[in-house]
Each structure stands twice: as structure tokens, then as C-alpha cells.
Amino acid sequence: MSGPDQPRDADPEYEAFFRRWYMNGVRYARRRHRLQEWEAHAAASEALAELWVMWPEPSFPKEEDNRKRLYFRIVMCRSVDIIRSNVRHRKLAADAATGHVPASLAVSRGREPEVTDGEQLPEQAYAAAEALAEAADILTALPERQRRSVALEHDGYSARERAKIKGIQESNERVDLHRGRATMKKIRAEREQEGATE
């Protein structure tokens with residue numbers, strides 16, 4: 001008997017997808033985002049875990065190419081999360097090296113900080129990494145349908161293609177994308193307001 005608290009039975013299609021694409025996701029995370037090996041494995045594993053949750057949904061894409069695109073999109077988002085965490089820890093390490101914060105705060109969650117001698121990373125690099133991480137973070141805060149619309153639109157899919165992938169009417173897909181963009185704009189404005197009042 002299955003239920004919300006019961007594990008699902010193995011799915012042969014998912015298992016085959018896992019075997020075909022897991023290491024591709026690891027290599028993508030290492031080459032594209034320059035993650036360490038253990039970080040790349042974490043990003044790929046988390047992406048496949050998210051796919052496992054979405055796999056039985058009626059709107060989940062049935063075509064291999066669309067599943068693959070979604071998988072790599074999630075790997076990218078998880079990689080950005082790791083980058084964002086590392087940027088914060090590298091800032092702490094740099095500040096610790098120049099005496100700005102106690103060294104005990106510069107622990108890097110298992111990753112050795114690359115900045116240990118007071119050398120500051122370029123501010124442009126920090127800003128770019130933070131901006132990318134913020135966009136990915138806001139994207140994950142959207143409702144699932146809106147999140148998929150924004151992600152697929154970013155990948156270059158037309159409204160008709162997105163609607164087909166999601167199994168909904170094109171008019172409904174346009175509404176999802178509009179709401180997703182509006183929600184992202186609202187979240188960004190709220191966070192900027194919070195930052196201004198801190």
C-alpha cells in the first residue's frame with residue numbers, strides 16, 4: 001500500500017535516465033562552474049533527487065531531450081547555490097587573513113578557502129557571483145509552474161513549446177510566465193527594501 005509517507009517503487013525509466021546522465025551532470029558542474037569533485041557530485045545528486053520528486057507528475061516532460069534540459073538547469077541552480085556559499089566563506093577567509101573577523105568564523109564547510117593571505121578577490125567577481133546566485137535563489141522561491149516557465153523561457157523555448165512541455169494551454173503558459181516574472185520582480189524589490197532598512 002502506497003501513501004505520502006511510503007517510498008515509491010523503483011521506476012525503470014528514471015533508473016535508466018539516472019545511469020545515462022548522472023556523470024554528465026557531474027562533468028558539467030566541474031567544467032562549467034569549476035566546482036570541486038565532491039561539490040559537483042552533490043549538485044548532480046540533488047538535481048536527480050528533485051527530478052525524482054517531479055517524475056510522476058502529469059506535467060513532467062516525457063521526451064528525453066526535455067528531461068535532460070530540465071536536469072541540467074537544476075544542476076546549474078544547485079551549482080550556483082554552492083558557488084554562493086563558497087563566495088561568502090571566501091569573503092570571511094579574506095577578512096580573517098587581514099584581521100577583520102575572528103579566524104574561527106572563516107570555516108569553509110569542508111572546502112579549503114583559496115584566499116588565505118589577505119589577497120582580496122576582485123569586487124566585480126563577487127558582484128557577478130552574488131547576482132547570479134540571487135537570481136537562482138529567487139527562481140527557487142517561485143511556485144513550481146511559474147519556476148518552470150521562467151527557466152524554460154530563459155533556455156529559449158517559445159510559449160508554444162513551453163506549453164507543450166508542461167502539458168497546458170498556451171494561454172495558460174503565458175499567464176504562468178507573466179506571473180513568474182512579476183513575482184521575481186516583487187521578491188527582488190522586497191529584498192532590496194529589506195537591505196536598505198537594515
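Nothing here was measured: the structure is a model prediction, and the numbers come from that model.
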Partners meeting side chain to side chain donor-acceptor pair (under 3.5 Å) with Arg147 (sequence neighbours left out): none
Could you name each residue pair satisfying salt bridge (Lys or Arg N to Asp or Glu O under 4.0 Å) that touches residues 49-62, not counting sequence neighbours? Glu50-Arg78
Side-chain touch Lys186/Glu190, heavy atoms, less than 4.5 angstrom: yes
Test item: Tyr71 side-chain N/O and Phe18 main-chain N/O as donor-acceptor pair under 3.5 Å: no
Arg181: side chain to side chain donor-acceptor pair (under 3.5 Å) partners, not counting sequence neighbours: Glu153
Residue pair Leu142 / Val150: nearest heavy atoms and the distance that separates them: CD1-CG2, 4.1 Å
Arg73 vs Arg69, side-chain contact (heavy atoms from CB on, under 4.5 Å): CA-CA, chis, key distance, verdict: CA-CA 6 Å; Arg73 165 60 57 179; Arg69 284 177 181 270; over 6 Å; no
Testing the basics here: between Gly25 and Ala44, what is the closest heavy-atom pair and its distance to 0.1 Å? C-CB, 4.2 Å
I'd like to check the salt bridge (Lys or Arg N to Asp or Glu O under 4.0 Å) partners of Glu161; sequence neighbours left out, ordered by chain and number. none
Just to verify, what does Gln146 make a side chain to side chain donor-acceptor pair (under 3.5 Å) with, not counting sequence neighbours? Thr183
Please enumerate all residues that pass side chain to side chain contact (heavy atoms under 4.5 Å, CB included) together with Lys68, with sequence neighbours excluded. Trp21, Asp65, Phe72
Please tell me if the side chains of Phe17 and Leu51 come closer than 4.5 Å, counting only heavy atoms from C-beta onward. yes
Lys166 vs Asn66, test: side-chain contact (heavy atoms from CB on, under 4.5 Å). Steps then yes/no. CA-CA 10 Å; Lys166 293 170 62 178; Asn66 292 334; over 6 Å; no
Does Arg32 have any salt bridge (Lys or Arg N to Asp or Glu O under 4.0 Å) partners at least two apart in sequence or in another chain, and if so, which? none
Taking side chain to side chain donor-acceptor pair (under 3.5 Å) as the definition, give me every residue that meets it alongside Glu37, ordered by chain and number, with sequence neighbours left out. none
If you look only at pairs with a residue in residues 12-27, which of them pass as a salt bridge (Lys or Arg N to Asp or Glu O under 4.0 Å), with sequence neighbours excluded? Glu13-Arg67, Arg20-Glu64
Inter-residue atom distance Ser149.OG - Ile165.CD1, 0.5 Å rounding: 10.0 Å
Taking a hydrophobic cluster as the set of Ile, Leu, Val, Met, Phe, Trp and Tyr residues connected by side-chain heavy atoms closer than 4.5 Å, whether directly or through intermediates, do Tyr22 and Tyr14 fall within one such cluster? yes
Residues in ring-ring contact (aromatic ring centres under 6.0 Å, His included) contact with Phe60, at least two apart in sequence or another chain: Trp55
Electrostatic pair Arg148:Asp176 at N-O distance under 4.0 angstrom: no
Value rounded to 0.5 Å, distance of OG in Ser79 from OH in Tyr28: 6.5 Å
Can you tell if the side chain of Arg145 reaches within under 4.5 Å of the side chain of Glu173, non-hydrogen atoms only? no
Please evaluate residues Gln169 and Asn172 with respect to the criterion side-chain hydrogen bond (donor to acceptor under 3.5 Å, both in side chains), reporting the C-alpha separation (whole Å), side-chain torsions for both, the decisive distance (0.1 Å), and the verdict. CA-CA 5 Å; Gln169 296 293 322; Asn172 293 335; over 6 Å; no
Closest non-hydrogen atom pair between Leu35 and Arg30, with its separation: O-NE, 3.4 Å
Provide the closest heavy-atom pair for Ile187 versus Ala141 in the form atom of the first, atom of the second, distance. CD1-CB, 4.0 Å
Among residues at least two apart in sequence or on other chains, which ones pass side chain to side chain contact (heavy atoms under 4.5 Å, CB included) with Ala159? Arg162, Glu170, Arg174
